[in-house]
Amino acid sequence: MFYREAGQFKTSYEADGQIFPILQDRIALLMLMAAAIVVVPLAASPYVLSAILIPFLIFSLAALGLNILTGYAGQLSLGTAAFMAVGAFASYNFILRIPGLPVLLAFVLGGLSAALVGIAFGLPSLRIRGFYLAAATLATQFFVVWCLTKIPYLTNYSASGVITAQPIVILGYAFDSPGRKYLLVLGVVALMALLAKNMIRSNVGRSWMAVRDMDVAAEVIGFRLMRTKLLAFAVSSFYCGVAGALYAYAYLGTVEPEAYNLDLSFRILFMIIIGGVGSVLGSFLGAAFIVLLPVLLNVIAHSLALPTNVASNLELMVFGALIIFFLIVEPHGLARLWQIGKEKLRLWPFPH
Amino acid sequence: QPAEQYVALPSYRVGPYAAGGSGFYGGIIDYFNLVNLSGGVNGVKISWEECETEYNPSRGVECYERLKTRNGGATLVEPLSTGVAYGILDRLAVDKIPMTMIGYGRSDAANGKVFPYVFPLITSYWNQAAAMIKYLGDKEGGMDKLKGKKIVHLYHDSAFGKEPLPVLEALAKQYGFELIKIPVTPPGSEQQSQWLQIRQARPDHVILWGWGSMNAVAIKTAQRNGFPREKILGVWWAGSEEDTVPTGDAAKGYSAMTFNTPGNYPVLDEIRKKLYDAGKGNLADASRVGSVYHMRGVSAAVLWVEAMRTAQEKYGKGKRVSGEQLRWGLENLNVDEARQKAIGAFGMLPVVKTSCDDHEGSGAVKVQQWDGKKWNAVTPNWIVGDKALTRKLLEESSAAYAAEKKITPACLK
Amino acid sequence: MRMNEPEAHFGTVRRPAGPVILDLKNISLSFGGVKALTDISFDVRQHEIRAIIGPNGAGKSSMLNVINGVYRPQQGQIVYRGEVRKNMDVHAAAKSGIARTFQNIALFKGMTVLDNIMTGRNLKMKSNFLLQALYWGPARREEIAHRIKAEQIIDFLEIQAIRKTPVGRLPYGLQKRVELGRALAAEPEILLLDEPMAGMNVEEKQDMCRFILDVNDQFGTTIVLIEHDMGVVMDISDRVVVLDYGKKIGDGTPDQVRGNQDVINAYLGKGCA
Amino acid sequence: MNLNFFFEVLIGGLLSGVMYALVAIGFVLIYKASGVFNFAQGAMVYFAALTCVGVMEKFGVSLWIAVPVTVAVMIALGAAVERVVLRPLVNQPEIALFMATIGLAFFLEGLAQLMWGAQVRKLELPIEDVPSQYLMDHYNILVSQFDIMAAAVCGLLVITLALLFSKTKVGRALRAVADDHQAAQAVGIPLKRIWAVLWAVAGLVALVAGMLWGARNGVQFALTFVALKALPVLILGGFTSMPGAIVGGLIIGASEKLAEVYIGPMVGGGIEGWFPYVLALLFLLVRPEGLFGEKIIRRI
Amino acid sequence: MSYLSVNNVEVIYDHVILVLKGVSLQVPQGKIVALLGANGAGKSTTLKTISTLLRGERGDVTKGEVQFKGERIDQLTPNELVKRGLSQVMEGRHCFSHLTIEENLLTGAYTRNDSRAELKASLEKVYHYFPRLKERRASQAGYTSGGEQQMCAIGRALMARPSMILLDEPSMGIAPQIVEEIFGIVKDLNSKENVSFLLAEQNTSIALRYADFGYILENGRVVMEGAADELSCNEDVKEFYLGVSAAGRKSFRDMKFYRRRKRWLA
Ligand SMILES: Nc1ncnc2c1ncn2[C@@H]1O[C@H](COP(=O)(O)OP(=O)(O)OP(=O)(O)O)[C@@H](O)[C@H]1O
Ligand SMILES: Nc1ncnc2c1ncn2[C@@H]1O[C@H](COP(=O)(O)OP(=O)(O)OP(=O)(O)O)[C@@H](O)[C@H]1O
Ligand SMILES: [Mg+2]
Ligand SMILES: [Mg+2]
């Protein structure tokens, strides 16, 4: 009823090219942003802020990065955590070694370092495809973590190879409480999501999708495969790198390279598959799902007063079963489910 | 209703380290139940809540954040995971919740001036490493006999495995033995090349600094390559039934460090009788009571309960103490032999006496050997390594941390 | 492009065929043991509609693949706009104005019709990806300018109603039309069409013919066309090459070809002759 | 250089490679016949081994009874996977199926631990994992007799499965399914039955792998990680080739051991984690579908 | 009673896209029935509904039923249908690209439990129909030309020795001579082996030439049905599907004026 585009005519291509062409969506998004900036920091408990929302946003950013590479450019990757690690450790070193370097700039530099590594490890993608590439990207994962444990310089010669993120101070303002960290992360993520959306709706995004859908045809109409794929690797790794830096600076604080292990790569992959491959919204939905579901299951299991080991195992089983369930219901992820829901709403009250 | 003393337990009972996690947290909960059965700590019951971390730092942080505000606020936390411990390290001082790291984590956290809320109780990796060399020296018939000997450090290639390197290197220089470092990539389910290298090097001793599945594989691979297990000395995380049982006979003769003396104690009997016989034990398999991990859990709980008792003496008997107050309790712990006897755990763990300077409280360890069925202590007395050396390293390292974090070292009251 | 100009010269003049723009000389191509093309020569004149016909597996698609560089012939020469090469390079071909459609539709399935057509304009887009990420200034202006061009093509092909539909969901015939749109978006000099009318009914073929002829008339685009529907080939093409088993067995105007006995034997069969 | 030592490293590596191949075979089986990249293979290895030991422990029966029971369980598991996971996902994108197997992996890990507990168990096979005295005495080369047996078992498995795949009707049908689910259905290949049987066979391969790995390293959660060791083997040998799994295993096993022993010490060691992947990657650059994999057909 | 009957079937894709709006049609035994209609009319969907391959495309049959030899078949699997003698040649070829042409053909005989010799005979028959396939028998199907793949798909369906074949656009991408041959084969099988056919086809003239009966589908509805010769005489059909108007066949060159297809609205 209320969700109709009827009557909303676009008088210019500019208006039609908007990110949210439907007015109701734009209003909803504005309200959501307003709530996220104003209401949430006031209303949410430190637990929700620092243990749910901050990781949710950081993982969304990483998932977005992976989605650019896997979802849009079609290059399956299992090395996400490695790029995150590069971002984190590079930021740490930049701040450490360049006195007075603004933190945000350090994050950008961290992201750029990750992008460089991304380009290097993206080179094989010019020849290798599909699951072969996925398995090959594991090389990144293991190699980067190995380097971080083997090169003491990178961890400032700390005996155990652990780094401690410096405090975040921007223009003399310390982001030390959960609320402040949340706002910082929110800002970074929102900005980068916007940039991603812009890229996707312009020529770069189309070049990625073209290469994903049919690389030979993409080449025939003039896209350069190498440039396109490597750019996807670079941009994706940049996003992951910034996410990795935030993961260290705004979330964990003290980290060892092992925190960026294969497990993390997989978790991010789950996010995009559950959320929706090739969808910005899906990155967020997927991150929410993977962050929240275990918490929810844990809470439920505890309220059932099951013995803990039974509860933990059941949690794992239900988690696995739910992944399968969602894939069966909609192999294209939550974002697609959301879209179908919207289409139904548009037709409502008629079924078709 | 009297307020309860609430402890947060971000535990793990699934995943790769589930075997250790379930034993350790099972021991803790068994002892808590036992204390509660006899009325709690001066009448204050202990309550706790678990949260599954799967040994994953990010889930661990979430668990900590969730658990810390429950039941009127957590007064203690123990994640038994280096990654999770690091993830919450910075938050502890703000939340005023003490964390113990029993037998793991940063060794320099023993400096209470820099890490007021962190307690690597009983012993740290550095002291363990020092004790290992001391033991090996004694075995050779004196520290001077170590000269020219070859010792392999076969380690889990992670922060954990690299932690003792400064100590081992310093000692190698001091006593003139050759230290050969051989890393094993986690999880370490294939070690053929490492053991071939070891066989080739013909070392006098092998220190097995392993964790999780790496240990059993190491022992089995040693057997496969015909390397005598008697020459292998594991760390305490390589010295539980979980590490030896799956190897069958291969582990016979293998020894490992421990901070518990294997054996039976009245407190364990009580747990069996009052809990397991009544069907209230935490572990599904009653035969695991008294196993290494379980006993470690009981020891942790014993120390915590003693800390609660100590804190109550200062802040009011029969009252729940806050996290801050419990921190004081942990910092002024004195679990001497008399106290251990009263608890029914005499000799189960070393005497622990903490202070602001020394959040570790002991540093003493024992060596145990696997006879194919069970662990037996091979050193009747507690061993203490070169504490002067570890102290020096500790001061340097914690000072660096303080500088990096802009902390002014000071004792809290 | 002047696609939205009045229909003034519809059905009136046809541009006369110009000079030879593409000349293929002695092309041979084989895959392992399979000889797809053997010593084939033919030329294409500017503005003409050149058809390639032949039985299945004759090497028609391979020929197109040679022209735009997807396949590299083992022997022969390609002279395009006076430049002599051994083989084309895919990207160079696209840059120098060769666009094409494929036999088994090669659209970007996950993208909408509009996006698919916009990809056709990629070579004309100049702003770098940072500007595009900001969606600001020149990038934004450029995007909108190209959008206008794309919309003209959409109008021309009469697919306005589906511009926001993902192409994967479209019926076959419309997909073919979108693919033509994508090729047109590049404003090509030569358009290679591989069975653009397969799987269409008469009416749709009529539409398609209309589009092809209009493109040819209005923009003078040279068209190389593979098609099995003899009615179409005979009606709209200027000259026809006939291939069989990788060899050229006929070349000439539709009428000449229709009368060629070899062609009848190999391809047309008695039904159509 | 000590030649004898070199050969020991080489042989040890080759034999470890065989152990990797054992896991890789399970992957190939499923990938080749359904196009599904089965991430749950590691979990299946763990599940099978744990079930086997669990049955022995709980019911106090011998290995000879536990194994048939486990075989039955794995067959039932195959049928269940087909019914619950695969059937509703016929004709879906590869990545969805891949993800579903990850879900399956979680489920199996949880189920295994729920049923049998998380403790580490030992599994004793009738053959001991000690150096073969015969080879020691006669050739002064150290090789475990257990490894020799494992190699024999693995070889046997590969030969059987490779024969199945080569020219039989079922083998052809399996390859058809991998190419195009829908067309396979259209020609009357019973996807349901084929998948159920296939997963059951993969389950049995997992059981063999689980028993050998379990006897070697103890039956524990870490068995799920052996899949990581199998991956480079797979990409090197090709996802679709049984012989590829063996050859890939041998190459990876030998080269990673040699690299660790001879290059490792120069760069701080521990390169075994990534070296096989980098090696496989270099191979891929030359042959993008692995040594023996089917060529990826890209034609327009 | 008809051999195959589709009764009032409604199909929805992806839960929201309604494609068939109550389609009914019958195929009597031993007859050839043509299903005609523009692009997107729902021909392929109808065929996939019958062969139950729809499920794999996230399509649901929400109403109606399909009967084959007097039995409801909508709940059966495609494999059971093939066993009962109903085969489909899918639109868009769908050959197994990594298998050789010969292996492709042999998979078609999967449901048969016949001897080697019999299989060989069937194979020869297919090669007889499509000599081109014989030449390319050892090539991987993925590398063969479009038309060769189409022949392979048809030949593969024949290998099952079905009693009813659903043919989806058999003439697409096929050289005219072979098109005639394919329809010749259809007629041949139909008259000699009593195989029934339901064929969806864009090439209306040839389809009506060989079929006994025809249905015209537009927008998911049957808008016209009748005997083939009746249909080919119908003025509308002539104009819109055969491209001949009262004035005779128009050249494709003259189709330059804006015109819209007249729609039948049921
Ligand atoms: N990449 C390739 N590898 C191997 N053989 C090929 C390849 N491309 C084409 N061929 C073979 O070359 C021959 C010509 O193929 P081509 O696709 O050019 O035929 P065509 O004339 O387009 O036929 P159709 O009308 O059926 O589309 C065929 O026999 C085909 O099998
Ligand atoms: N998998 C699908 N998901 C969504 N819509 C679909 C799907 N398949 C087909 N459709 C839609 O259903 C309608 C009918 O398609 P169908 O393929 O049955 O048409 P057709 O008559 O066979 O056309 P053609 O002659 O082009 O083959 C089309 O509008 C198409 O867009
Ligand atoms: Mg062709
Ligand atoms: Mg169709």
Side-chain angles (χ1 to χ4, degrees), chain C residues 7 10-11 31-34 36 53-62 103-105 158 169-177 194-195 197-210 212-214 217 228-236 245 264-272, chain E residues 13-14 17 36-45 91-93 130 132-133 135-136 138-139 143-151 168-169 171-181 201-206 239-244 249-261:
Chain C
E7 306 181 3
F10 269 16
F31 301 99
V34 183
I53 61 171
N56 297 115
K60 305 180 295 298
S61 303
S62 304
Q103 180 170 11
N104 291 326
I105 300 175
E158 295 162 17
R169 281 196 202 171
L170 293 177
Y172 193 82
L174 280 180
Q175 295 198 14
K176 289 246 152 186
R177 218 186 269 194
D194 197 347
E195 303 197 20
M197 282 164 251
M200 292 191 180
N201 66 17
V202 178
E203 190 189 3
E204 290 153 346
K205 283 183 182 169
Q206 290 170 345
D207 284 343
M208 209 62 178
C209 285
R210 183 162 52 87
I212 292 171
L213 289 171
D214 282 355
D217 280 0
H228 283 303
D229 185 322
M230 278 311 103
V232 172
V233 173
M234 298 298 156
D235 286 352
I236 71 171
Y245 280 96
I264 295 173
N265 292 345
Y267 184 55
L268 299 173
K270 37 203 173 331
C272 281
Chain E
Y13 279 114
D14 262 345
I17 309 165
L36 309 170
N39 284 132
K43 303 182 295 295
S44 303
T45 307
E91 179 182 36
R93 292 146 197 161
F130 302 111
R132 182 82 200 168
L133 289 186
E135 286 166 38
R136 312 284 280 121
S139 316
Y143 287 120
T144 57
S145 84
E148 289 161 349
Q149 290 184 18
Q150 181 73 19
M151 296 180 214
D168 202 346
E169 309 223 4
S171 74
M172 179 164 41
I174 298 276
Q177 189 187 23
I178 316 284
V179 173
E180 289 290 337
E181 276 176 31
E201 185 50 78
Q202 292 281 16
N203 189 337
T204 314
S205 65
I206 196 164
E239 169 144 15
F240 299 123
Y241 294 95
L242 297 171
V244 276
R249 181 183 166 280
K250 259 193 220 155
S251 165
F252 283 100
R253 206 172 255 296
D254 304 331
M255 295 300 156
K256 288 204 161 182
F257 303 102
Y258 189 79
R259 38 175 209 71
R260 270 267 154 252
R261 181 193 309 150

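Residue numbers begin at 1 in each chain, while the letters A, B, ... track the order of the sequences. Keep in mind that this is a model prediction, so the values were computed, not measured.
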Undergrad: What residues, two or more places apart in sequence or in another chain, satisfy side-chain contact (heavy atoms from CB on, under 4.5 Å) together with Q175(C)?
TA: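 I105(C), L107(C), K109(C), L170(C).
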
Undergrad: Quick one: closest heavy-atom pair of A38(E) and E204(C), and the distance?
TA: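 Between these two residues, the closest heavy atoms are CB-OE2, 3.6 Å.
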
Undergrad: Rounded to the nearest 0.5 Å, what separates atom OG in S171(E) from atom NE2 in H228(C)?
TA: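 Taking OG in S171(E) and NE2 in H228(C), the distance rounds to 10.0 Å.
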
Undergrad: Would R132(E) count as a cation-pi partner of Y245(C), with NZ or CZ less than 6.0 Å from the six-membered ring centre and within 45° of the ring normal?
TA: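 The answer is yes, since R132(E) meets both limits relative to Y245(C).
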
Undergrad: Please name all residues satisfying side-chain contact (heavy atoms from CB on, under 4.5 Å) with S44(E), sequence neighbours left out, ordered by chain then number.
TA: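 Result, side-chain contact (heavy atoms from CB on, under 4.5 Å) vs S44(E): K48(E), E91(E), D168(E).
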
Undergrad: Quick check for you: among M200(C), M197(C), K205(C), which has the greatest number of heavy-atom pairs under 4.5 Å with chain E?
TA: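 Highest number of heavy-atom pairs under 4.5 Å: M200(C).
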
Undergrad: Which atoms of I178(E) are under 4.5 Å from chain C, going by heavy atoms: the side chain, the backbone, both sets, or neither?
TA: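 For I178(E), side-chain heavy atoms alone lie under 4.5 Å from chain C.
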
Undergrad: Can you give me the closest heavy-atom contact between A198(C) and G173(E), atom names plus distance?
TA: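 Minimum heavy-atom contact is CB-N, 4.1 Å.
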
Undergrad: Which heavy atom of P55(C) sits nearest a heavy atom of A175(E), and at what distance?
TA: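 Shortest heavy-atom contact: CA-CB, 3.9 Å.
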
Undergrad: Side chain, backbone, both or neither: which part of E135(E) has a non-hydrogen atom closer than 4.5 Å to chain C?
TA: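 The side chain, not the backbone.
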
Undergrad: Tell me which of these, D194(C), I212(C), V34(C), has more heavy-atom pairs under 4.5 Å with chain E than the rest.
TA: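 Heavy-atom pairs under 4.5 Å are most numerous for V34(C).
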
Undergrad: Where do M230(C) and P176(E) come nearest, in terms of heavy atoms and distance?
TA: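 Result for this residue pair: CG-CG, 4.1 Å.
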
Undergrad: Would you confirm whether N56(C), through its side chain, and Q149(E), through its main-chain N or O, come within 3.5 Å as a donor-acceptor pair?
TA: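 Looks like no, no N/O pair under 3.5 Å.
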
Undergrad: Can you say whether E148(E) sits under 4.5 Å from chain C via the side chain, the backbone, both, or neither, judging by heavy atoms?
TA: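 When you check distances to chain C, atoms from both the backbone and side chain of E148(E) fall under 4.5 Å.
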
